[in-house]
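What follows is a short report on a single structure.
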Amino acid sequence: MSDSTATDTAADAKGDATQAQTVATGSTPAPPLPSEQQLAVATSRTEQAAAGRGELRAALDAVTKALNPDGGQGEQDPAQLAAQVADRDKQLADTGAQLRTAQVELAAHRAAGEHGARADRLLNSRSFLDSVVGLDPKAAKFEQQLGDAIRAVVEADPDLYRAAPVGPAKGGAEFNGPPSADKRPKTLHDAVAAHLGG
């Protein structure tokens, strides 16, 4: 190998190393450090997120205490809490349905006389109660719908549901002859006279 070839090879290696160093330092600069404003924004967001988590935890604790006031202090199973909420929702729905049914029955009892029906027989009729169970007492046409249902039942079976006609109320005292008194004779003369018809 000649001296010129060795010098060229050394120069090439030195050039490659210089080029690699230039590429390493020049093309991919280090990311800039965040500014104080960016750090303040990031810190504020972190604090807001922590405060939000604290509020959510407090709300969850309040719901847990409301659902299970006598429960232990430990964590409760979310599935168990969901089941308790569903059970209470069902109880509220059942209570609401019972209240609506009672309101409809009371309204039917009051309206029966206006439509010529016997309230006692209406409210003992399963078919009538089934026909009005879906009515909403708060609806604008509730009274009309209830009246239609009462009239339909009376027309279907008038002997059973129609109220007996009511006559005028009696007034004054009742006269059944003179007041009854003790009719035993007071003297012997009165007894003989009563016996002889005189």
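Leu122 contributes atom CG, which lies 9.5 Å from atom NE2 of His109 (distance to the nearest 0.5 angstrom). Annotation: the span from Thr64 atom OG1 to Leu60 atom CG amounts to 4.5 Å, rounded to 0.5 Å. We find the CD-CD distance between Gln145 and Glu143 to be 11.0 Å, quoted to the nearest 0.5 Å. A distance of 10.0 Å separates OG1 of Thr95 from NZ of Lys90, quoted to the nearest 0.5 Å. Taken from CZ in Arg53 to CG in Leu56, the straight-line distance is 9.5 Å, to the nearest 0.5 Å.
In this structure, Ala107 and Phe142 approach most closely via the heavy-atom pair CB-CE2, 3.6 Å. Across all non-hydrogen atoms, the minimal contact from Arg100 to Val133 is NE-O, 4.1 Å. Closest approach of Leu135 and Val104 over heavy atoms only: O-CG2, 3.8 Å. Listed here is the closest heavy atom pair of Ala108 and Leu146: N-CD2, 3.6 Å.
Heavy-atom contacts from other residues, nucleotides or ligands closer than 6.0 Å to CD of Gln103 number more than 12. Environment of CZ in Arg110: sparse, with no more than 12 heavy atoms of neighbouring residues, nucleotides or ligands closer than 6.0 Å.
Judged by distance alone, with hydrogens and angles left aside, the side-chain atoms of Asn124 form a donor-acceptor pair with the main-chain N or O of Asp120 at under 3.5 Å. The closest donor-acceptor contact from the side chain of Ser125 to the backbone of Arg121 lies at 3.5 Å or more, if one exists at all.
Thr187 and Asp190 form a side-chain donor-acceptor contact under 3.5 Å, judged by distance and modelled atom types alone.
Here Arg57 pairs with Asp61 in a salt bridge; the nearest charged N to carboxylate O distance falls below 4.0 Å. Salt bridge status for Arg151 with Asp148: present, with a side-chain N to carboxylate O gap under 4.0 Å.
Listed by chain and number, the residues in a salt bridge (charged side-chain N to carboxylate O under 4.0 Å, His left out) with Arg126 are Asp130 (sequence neighbours excluded).
Follow the hydrophobic side-chain contacts under 4.5 Å out from Leu106 and you never reach Leu99; the two are in separate clusters.
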List the atom pairs, with distances to 0.1 Å, where a side-chain N or O of residues 42-52 and a protein N or O form a donor-acceptor pair under 3.5 Å, not counting sequence neighbours.
unit_1, atom_1, unit_2, atom_2, d
Thr43, OG1, Leu39, O, 2.7
Thr46, OG1, Ala42, O, 2.8

